[in-house]
K.L.:
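Below you'll find the structure I mean.
No hydrogens, no waters, no symmetry mates; every other heavy atom, side chains included, goes into these values. Below, chains carry the letters A, B, ... as their sequence lines are ordered, and counting in each starts from 1.
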Amino acid sequence: MIKLDSKIPDGKLSEKWTNHKFNMKVINPANKRKFDIIVVGSGLAGASAAATLGELGYKVKIFTFHDSTRRAHSIAAQGGINAAKNYQNDADSVYRLFYDTIKGGDFRGREANTWRLAEVSNNIIDQCVAQGVPFAREYGGTLANRSFGGAQVSRTFYARGETGQQLLLGAYGSMNRQVNLGNVEIIPRREFLDVVKIDGHARGIIVRNLVTGELEKYASQAVVLATGGYVNVYFLSTNAMNSNVTAAWRVHKRGAAFANPCYTQIHPTCLPVHGEDQSKLVLMSESLRNDGRIWVPKKPGDTRGPNEIPEDERDYYLERRYPAFGNLVPRDVASRNAKYVCDEGKGIAGGKAVYLDFSDAFNRIGKDGVKDKYGNLFDMYANITGVNPYNVPMNIYPAPHYSMGGLWVDYELMSTIPGMFVLGEANFSDHGANRLGASALMQGLSDGYFIIPYTMGNYLGTEKPEKVDVETNEFKETQQNVEENINKMLSINGKQTVDSIHKRLGHLLIDKVGMSRDEQGLKEVINKIRDLREEFWTDVKIVGKANDINQTLERAGRVADFLELGELMAKDALNRNESCGAHFREEYQTEDGEALRNDEEYKYVAAWEYKKEGEWELNKEDLEFENVKLATRSYK
Amino acid sequence: MNRLNQFFNSSIGKKLVMAITGIFLILFLIFHLINNLMLFGGPEFFNENVARLESIKPLIRVMEIILALVFIYHTYTGLKLWWKNKKANPEKYAVNANKENSTVYSRTMTITGSLIFIFLVIHLYTIWVKYNFGMEGSEDYFEVIKIHFANPIWAAFYFIIMIFIGFHINHAFQSAFQSFGWSSKKYTPIVKKIGTVIAIILAVGFASIPVYFFYISFGGQG
Amino acid sequence: MSEKNIKLTLNIWRQESPEAKGHFEKFEKEISPDASILEVLDEINNHLEAEGKEPIAFESDCREGICGTCGFVINGQPHGPLPKTATCQLHMRNFKDGDSLYIEPFRATAFKILKDLIVDRSGFDKIQVAGGFISFNTGSAPDGNAISIAKEIADEALDAAECIGCGACVAACKNSSAMLFVGAKVSQFAILPQGQPERYERVQAMVKVMDENLFGSCTNTYACEAECPKGISVLNIARMNRDYFMAKLKTGTNE
């Protein structure tokens, strides 16, 4: 049993962070350079952390498996970044952003963390502007905002549809400046494969050089993991091809608790699968739902084209079931209902898609009006599908998009392994059971620019860790473990390709641990995943050598970890006998088909402790809500 | 001096050298063309004019030296760029798709430039040397040209090279503006057009001379 | 979505290591026109792996055209024949039944081939490290609206900042020049008020490292702009030329 000490400071919610910053240890500037810090991952969280820690004077090494730190998947975020600036004078405030985030997370997030996120959100915008991030502007020269993801205030800052790219390049620039000054060293094309613990503390890492295949050891006095989310476990998702859980998972197996793995967000407006060879799914902004109407044919198996189906034979199922919100219901509701109608056989284009129809909007504001608002999205759709959405309704289907779950961290973002900090999507901390639009970028940068620089000092100042040598036994043993694991995989020499097993895992998970879950399905899927894992370890085929560029081997290691994570996701979903946020259990719904929370029994963070393969112990961190009243969502 | 040195050794500095010397050479060509077109004024008109230039020989000599230095520096920097760029890009693609993304004029600057260089050597050797050292008391400069282009090989050679000069200048003019940093959405299309017009005028103007003399060598009326 | 599959001949560059001699390997493939070209390579790789043969090494990540990881040359054009499109966004419906494709890595001395279609573009990062930033410590920023920036200025800066760092400009250039890439970054900060204090140091530092990293020199063919998946304008190169010249004229700027 791990002791989960969330270290949430006492005092008023709005003063916790300020007080805590004062109470934490600080290290004098001259001493900072004596500390080596390793950062793994170079997305928004990792790059901003490396930049800021470097500015403070720490000696930072940052690792990425990409060829360049600028490639991290934060770069693909389209929509924007929230902040409680209230520039639009529409009654926004830190409190409102906090409340929206807590409520959006269906009251399964930590109050103190979420408040802090809202509190520093404003500093992020200032910081990014100063770095030269070209945010959208009004004609008067002030920053522009838009309303995003159904928020009632306009608090989203953006740079066209490329906000993630611009923010990441801003952090990348700041980090490059520290490289220039000699405080940060970038070590690319390295994959994190294990953490080295000395006396229980994280003191180094083992990475594989992806060009030479060599295993390399790096020592430090603290490790920061910012390796992103894990929805690629579903095989098809909006994540990048290389996004994976390996770093987080290997750390989990070394003793870091994994929290709420079943909280995965499935985004409703993605381009549907076109065939078995599809490699990934592409997200389209959910703003499309503002003017598009979602429907399926009433008759299952209807093979007519969309324009041949008369109005009275169409089922506008969201408008029918949720008359008040209609097509603008939250992401999880929209996704789940798409799955239901497709399960009923009404899905189009092979069964796994629904129509998003703009005919009404064309009549109301004309094709040009639609083009003004959504032109780039329509072009993107036409480019990818080869179909003109001005003539034929779009086909859409939900796709896994973001993981709210992740490694458990305390208020200082430290995992249950001392000295191992986890930032960004890789941790579980700020979004509860569901994440609001435009909040992921905010969290990544908040963790990296404004939280870790303080909490890292507190850890190093308290523990005063000594420098360690990579030739110690702990390093050698860990490296040997990694090596054995690689050799074991290479020696299987079975018949199935890595991708084929990953695809099968994805099918199992999207079906049973996706948009809706139930007890029987979850129990079944746990066994199936175990069998699949067994198949992997006896029948996978990995060609190529260990000491060369070997992308199959890279993928195999990641899939091996996904095969374990998948089981834990199902276990967590099975344990949580309630519906909340993105986690919907069929057994727990109101008469109207709404998510039914069970605050009495499940108002906790499920932090899973790894025992051995297929065996975990559940630790609970009780969530206390002192500042908000637990309410029930309703979109009827 | 160090800063200057650094500047001229940088890739951008070299481009600026090409641009400045190039513009200078274009100006010279315009001047040269004006003089040449006087051939159409007939032997007397032309010969008088050349004689007038002869009267300011010392100034002409200074100009010639400057021109030669500029030309040599232009050629030298061009070759240096070519060599550097060849090292930067030693391998070609299996399919040549250059025409999809760039103009033939821009891609062939080294080739047209080299041809112009060879041409110039020949041109100096045949006409310039003749004018300066081979007139043996005669002042009929017109006749020299007339005889020269009566030879179909010479006429054809000059004609073809003038087309290449046009190609070279068509790219060079707007390219120089880009190297100076004087490009903008608004003016660059106009600059490109002006460059093309200058290129056509120079090419057609210069090429008209061998064509004309070759034509009258058949007894055509001048 | 189109239905009829098309048959293609793909000649794909195979090269074991930077030192090894490469060659084209031929694959005949029947594929869905809705697949992207990377999915075709995935498919070929799946077959190769099933047969116990080494798959084709190529890089890709977001497959949404923004990360800049993917990219190779298709029939002589970086990112293929479609303008303003990254390789991952190139769908097979843009080819005809019976077409023959030559797929090879971005070629330049500055981009060493590591394996098959993977090249080393670390020269780009070195240029960025030299000056692709605004020196600014976290925490000291004034309010975001303290600096007023006209919409056109912000838009123009973003036009330059959209560069995805894929390297297609270098690959397309007959001189393997990186001027468009460097020009885009220099321009972004030269346009914005935040970038002014370091404007002239920045351009000198970045050009110096660009030259040191074996990129060629620009001869204004503008193939870079034509092949850029983001359509970055060569006007950014002009701006850099001007700034570089001005930097050398000004006193008090270093390098």
Side-chain angles (χ1 to χ4, degrees), chain B residues 2-16 18-20 77-78 80-110 113 171-172 174-188 192, chain C residues 11 13 24 73-78 81 83 100-104 107-110 170-179 203-204 207-208 210-211 214-227 233-249 251 253 255:
Chain B
N2 189 25
R3 284 161 77 90
L4 215 61
N5 221 342
Q6 218 179 47
F7 178 76
F8 286 118
N9 277 320
S10 70
S11 54
I12 293 181
K14 288 200 196 88
K15 284 303 297 164
L16 198 76
M18 293 307 282
I20 294 171
T77 311
K80 241 166 82 171
L81 277 171
W82 170 76
W83 179 241
K84 181 188 175 207
N85 289 339
K86 205 175 144 61
K87 276 196 300 186
N89 183 12
E91 273 187 278
K92 299 287 164 235
Y93 296 116
V95 180
N96 186 339
N98 286 343
K99 63 179 188 309
E100 304 290 336
N101 55 34
S102 54
T103 62
V104 64
Y105 316 110
S106 69
R107 291 194 308 271
T108 51
M109 289 302 275
T110 314
H171 175 71
Q174 58 89 13
S175 179
F177 276 71
Q178 169 83 357
S179 296
F180 292 144
W182 296 338
S183 294
S184 77
K185 255 184 212 139
K186 207 165 159 188
Y187 298 114
T188 298
K192 283 188 181 173
Chain C
N11 300 279
W13 187 259
F24 282 102
V73 169
I74 303 157
N75 287 350
Q77 286 185 279
S100 185
L101 307 186
Y102 282 83
I103 293 175
E104 53 192 313
R107 294 190 192 277
T109 306
V170 173
C173 178
K174 73 182 185 62
N175 312 321
S176 301
S177 169
M179 290 283 275
V203 64
Q204 294 178 82
V207 168
K208 184 164 174 255
M210 172 181 84
D211 284 351
L214 305 175
F215 292 102
S217 181
C218 175
T219 57
N220 304 337
T221 69
Y222 312 138
C224 51
E225 180 184 282
E227 298 295 357
S233 164
V234 292
L235 295 179
N236 293 304
I237 297 180
R239 190 180 285 108
M240 174 163 68
N241 289 338
R242 194 167 61 223
D243 274 16
Y244 187 75
F245 184 54
M246 291 306 289
K248 293 295 179 192
L249 285 182
T251 49
T253 58
E255 271 313 319

K.L.:
Determine the minimum heavy-atom distance between C:Leu235 and B:Lys185, stating which atoms define it.
P.N.:
CD1-N, 3.5 Å
K.L.:
Under 4.5 Å heavy-atom distance to chain C, tell me which part of B:Ser184 shows up: side chain, backbone, both or neither.
P.N.:
backbone
K.L.:
With a 4.5 angstrom heavy-atom cut-off, is it the side chain or the backbone of B:Lys87 that approaches chain C, or both, or neither?
P.N.:
backbone
K.L.:
Is it true that atom OH of C:Tyr102 has more than 12 heavy atoms of other residues, nucleotides or ligands lying nearer than 6.0 Å?
P.N.:
no
K.L.:
For residues B:Ser175 and C:Thr219, determine if any side-chain heavy atom of one lies less than 4.5 Å from a side-chain heavy atom of the other.
P.N.:
no
K.L.:
Is there a donor-acceptor contact under 3.5 Å from the side chain of B:Asn89 to the main chain of C:Lys174?
P.N.:
yes
K.L.:
Is C:Val234 close to chain B through its backbone or its side chain, or both, or neither, when contacts mean heavy atoms under 4.5 Å?
P.N.:
both
K.L.:
Taking the six-membered ring for Trp and the single ring otherwise, decide whether the centroids of B:Phe7 and C:Tyr244 are under 6.0 Å apart.
P.N.:
yes
K.L.:
Counting heavy-atom pairs under 4.5 Å to chain B, which of C:Asn11, C:Val170, C:Asn75, C:Asp243 comes out on top?
P.N.:
C:Asn75
K.L.:
Determine the minimum heavy-atom distance between C:Ser176 and B:Ala88, stating which atoms define it.
P.N.:
OG-O, 3.1 Å
K.L.:
Restricting to non-hydrogen atoms, name the atom on B:Ser102 and the atom on C:Thr221 that form the minimum distance, rounded to 0.1 Å.
P.N.:
CB-O, 3.5 Å
K.L.:
Between B:Ser10 and C:Asp211, do the side chains contain a donor N or O and an acceptor N or O under 3.5 Å apart?
P.N.:
no
K.L.:
Is the side chain of C:Gln77 donor-acceptor paired with the backbone N or O of B:Glu100 at a distance under 3.5 Å, no angle test?
P.N.:
no
K.L.:
Taking side chain as everything from C-beta outward and backbone as N, CA, C, O, which of these in C:Tyr222 sits under 4.5 Å from a heavy atom of chain B? Side chain, backbone, both or neither.
P.N.:
both
K.L.:
Look at the side chain of C:Ser217 and the backbone N and O of B:Leu81, then say whether any donor-acceptor pair between them is shorter than 3.5 Å.
P.N.:
no
K.L.:
Taking side chain as everything from C-beta outward and backbone as N, CA, C, O, which of these in C:Cys173 sits under 4.5 Å from a heavy atom of chain B? Side chain, backbone, both or neither.
P.N.:
backbone
K.L.:
For B:Tyr93 and C:Arg107, indicate whether the former's side chain and the latter's backbone hold a donor-acceptor pair under 3.5 Å.
P.N.:
yes
K.L.:
Quick check: do C:Asn220 and B:Lys15 have side-chain heavy atoms less than 4.5 Å from each other?
P.N.:
yes
K.L.:
Heavy atoms only: give me the nearest C:Ile237-B:Gln178 pair and the separation to one decimal.
P.N.:
CB-NE2, 3.5 Å
K.L.:
Just by distance, no angles: are the side chains of C:Lys248 and B:Gln6 close enough, under 3.5 Å, to form a donor-acceptor pair?
P.N.:
yes
K.L.:
Does C:Met179 reach the side chain of B:Ile12, with side-chain heavy atoms less than 4.5 Å apart?
P.N.:
yes
K.L.:
Among C:Gly216, C:Ala223, C:Pro83, which residue forms the greatest number of heavy-atom pairs with chain B at distances under 4.5 Å?
P.N.:
C:Ala223
K.L.:
A quick test of your reading: do over 12 heavy atoms of other residues, nucleotides or ligands sit less than 6.0 Å from OH of B:Tyr187?
P.N.:
no
